[in-house]
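We name chains A, B, ... by the order of the sequence lines, and we start the count at 1 in each one.
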Amino acid sequence: MTRVPAVVLQALMRDVRLGFDCLLLHGLRSLLTMLGMVFGVASVIAMLAVGEGAGQEALEQIRQLGSDVIVATSVKAVNEEKRRQSVSMLSVYGITYADAQRLQQTLPDLKRLVPLKARREQAQAHGQVQDVRLVGTTADWFALVERPLLAGRRLADLDEQRASLVAVVSEQVARQLLPGTAVIGERIRIGGVYYEVVGVLRSQGQAAGAAKAPDQPDDIYIPLSTFRQRLGDLYMRRMAGSSIRERVELSQLLLQMHSESTVEAAAAALEGMFRRFHKQQDVQLHVPLALLRQAEKTQRTFNLVLGSIAAISLLVGGIGIMNIMLASVTERTREIGIRRAIGARRQEIVRQFLAETVVLSSCGGLIGLLVGLALPWAISRLTGLTTVVTWFSLLLALLISMALGVVFGLYPALRAARLDPIEALRYE
Amino acid sequence: MSTPLIQLRQARRVYHRGAHVVDALAGVDLTIQAGESWSIMGASGSGKSTLLNVLGCLDRLDSGDYCLDGQSLAALDDDGLSAVRLQRFGFIFQSFHLVPQLNVLENIELPLFYARVEPEQARRRAQDLARLVGLAERCSHRPSQLSGGQQQRVAIARALANDPPIVLADEPTGNLDSHTGDQIMDLLFDLAAQGKTLLMVTHNEALAARCRCRLTLHDGQIAGVARD
């Protein structure tokens, strides 16, 4: 019983070897025939790599902020910008304390509201001067933006109530401003006021300006009440020839909802509220969930384009292979006649030609796999899109090429098997 | 008398060539005993090749009956006929008909491959046969690297691979010079002497004379049978 499958397997191996022989016999022809399959398979892999990359990028953004979060950021309105240029005067814009309070009271399903005042300041300690982002916020910040605590403690509700002169610094600030000290208990001077360092956090934010993470590597956190008391809402800075005078109450609001399903409704409510209470467009909403949707849309576009390319090249490649196999069957009519006369059954002729076609298409698939590894790399280099090639996509591409070999090889193989042995033997 | 090896009764085979209907075999009765050697002669178009194809199960009868070893072949399907060809017949053709991309050994192994003989066993058998036909030194040559006589030896070795009782030869020396042809015929008659049934289509009177039975066809009918 076990001998028969072994013999069948050996027969198959022999068919495959014969397929390789024929492939090598017509090297250039085989290579040209494979091209369609090569591009098709490469497109499939690239498509899946871009899709996988986009998915992972979106997920990374979600991981940084959470999909249940909305970020509202104060921005200078466009017409405000123009006005400031003509006359050096006070510009007032952004989220107000009243906005925060109103939202806290009226927005349904709100889990956490984190107000934020942020400003670029110079921090000093032990004669070192460092440009930092000074952030006034509440204890909720640390619950929403979870970062590992390296030493000391985070800001507490009590700090907020007392408007204490305490600061939590990020790792980078601690290294640059307070090298060689215990950090905790050291004092940092910002704008003429001394703050005691009570904690050090590991920041995950990228370079300043990157919108993905809410925190930045050069952050110093102090209680919001302290910020209001000591630094106020008015910001003045002299520049060459002119001066900037701004009044911004809150630079950012982080809103966390109880569930993901209410995020989009809340974002719409937020937009409505800011439109009603603000004369100008000075608040920008940023919804990670929407980013995810956007990423999915990009992914769909790519899938459509690359998918079409893949489908067309695979189809054309398959037809090319079928064409060449039909030619091969005609060329080898005599051989088929000989085999049939000797006693080969029709199914054995079918198997021989199918094996040959599958060898051809699989070799195309293998070359396509190599091109398919290079293509996402090139896409990443040229467009900056993240691409991830998975083992699954490689396997899938190979299986597709083999399956197409069977599909497009079947007709030529059946035609070969249907030849009349006598006619085939007489064929010149 | 024992069951004849081959028995044809009122065998008819008709070809349609456009509007013409050609009677390739028009009612042939033929009985062949095991171990006999037959020559089949006749003008071209007399039905020699058709008769050989029908006997070798490459072609079917339109009417009449063909019994091989007492069993009618009429009910067999294509696979069944393939199996009969594989096990009972060895074919030798005028133009050798070797598979060009296979070497000598692989060509000889071909029937063994289709009979699903184990590869090592097939390889040994093919080597034995190559030695038998005097080509032991040429096993890895391709057909294109061999002379006509050598190619026909490979074909004979291939025809013998599954040890069939019947060898069919269609003008086996037609493409060979007379000296080489004689060597090939010696080989074939050696087989006949060892008990194989040999059926041979030929134009060559001298070759036909070496067969024990001589059949002449004319217009698809038997014109004469001579026995020694």
Side-chain angles (χ1 to χ4, degrees), chain A residues 1-27 30 328-329 331-353 355-356 359 414 416-428, chain B residues 13 15 24 49-50 52-54 56-60 77-103 106-123 142-143 154-155 158-162 164 168 170:
Chain A
M1 279 305 282
T2 53
R3 289 169 79 89
V4 173
V7 168
V8 170
L9 200 72
Q10 277 156 352
L12 206 67
M13 290 280 287
R14 195 176 159 147
D15 282 336
V16 167
R17 217 186 56 218
L18 203 69
F20 269 113
D21 286 349
C22 287
L23 205 89
L24 294 174
L25 202 66
H26 307 285
S30 305
S328 177
V329 166
E331 248 171 43
R332 289 156 67 186
T333 300
R334 270 256 292 260
E335 179 193 332
I336 295 163
I338 296 166
R339 287 174 183 271
R340 293 280 283 136
I342 284 170
R345 287 176 296 167
R346 283 198 168 123
Q347 68 188 72
E348 279 157 333
I349 301 294
V350 169
R351 204 180 55 205
Q352 181 194 339
F353 278 91
E356 210 173 301
V359 165
L414 286 175
R418 270 204 296 268
L419 287 173
D420 175 42
I422 299 168
E423 295 288 320
L425 278 174
R426 224 178 271 149
Y427 185 85
E428 292 300 325
Chain B
R13 182 72 176 98
Y15 289 120
S49 293
T50 306
L52 204 67
N53 287 338
V54 164
C57 294
L58 278 168
D59 206 351
R60 285 173 174 281
D77 62 0
D78 193 85
D79 280 2
L81 289 178
S82 298
V84 171
R85 287 201 295 273
L86 185 62
Q87 300 295 346
R88 314 296 298 274
F89 293 99
F91 285 91
I92 296 160
F93 302 97
Q94 180 177 7
S95 45
F96 324 131
H97 283 340
L98 301 176
V99 178
Q101 64 265 36
L102 300 182
N103 67 25
E106 287 165 340
N107 264 292
I108 300 174
E109 275 177 9
L110 218 47
L112 299 165
F113 168 64
Y114 288 122
R116 300 199 168 166
V117 174
E118 296 268 354
E120 302 91 52
Q121 205 183 325
R123 183 48 50 108
R142 296 277 159 105
V154 177
R158 184 180 66 188
L160 296 176
N162 279 326
L168 302 176
D170 190 358

For this session: Could you look at A:I338 and say if it's the side chain, the backbone, both or neither that has a heavy atom under 4.5 Å from chain B?
Result: side chain
Exercise. Considering only heavy atoms, which portion of A:R332 lies under 4.5 Å from any heavy atom of chain B: side chain, backbone, both, or neither?
Worked result: side chain
For this session: Measure B:E106 against the heavy atoms of chain A and call it side chain, backbone, both or neither at under 4.5 Å.
Result: both
Problem set entry | Largest heavy-atom contact set with chain A, pairs under 4.5 Å, which of B:L81, B:V99, B:D79 | B:D79
Exercise. Which residues from residues 416-426 of chain A are near chain B, with near meaning under 4.5 Å between non-hydrogen atoms?
Worked result: A:P421, A:I422, A:L425
Problem set entry | Contacts of B:F93 that satisfy ring-ring contact (aromatic ring centres under 6.0 Å, His included) - sequence neighbours left out | B:F91, B:H97
Problem set entry | Heavy-atom donor-acceptor pair, A:R345 side chain to B:A83 backbone, under 3.5 Å | no
Exercise. Does any heavy atom of chain A fall under 4.5 Å from the side chain of B:N53, the backbone, both, or neither of them?
Worked result: side chain
Problem set entry | Closest approach of B:S82 to A:R340 (non-hydrogen atoms, all atoms of both residues) | OG-NH1, 3.2 Å
For this session: Side chain from CB out, backbone as N, CA, C, O: work out which of these in A:R346 comes under 4.5 Å of a heavy atom of chain B, or both, or neither.
Result: both
Problem set entry | Interface residue of largest heavy-atom contact number with chain A, from B:L98, B:D78, B:L102, B:N162, under 4.5 Å | B:D78
Exercise. Yes or no on side chain to side chain contact (heavy atoms under 4.5 Å, CB included) for A:R339 and B:Y114, after CA distance, side-chain angles and deciding distance?
Worked result: CA-CA 9 Å; A:R339 287 174 183 271; B:Y114 288 122; 2.8 Å; yes
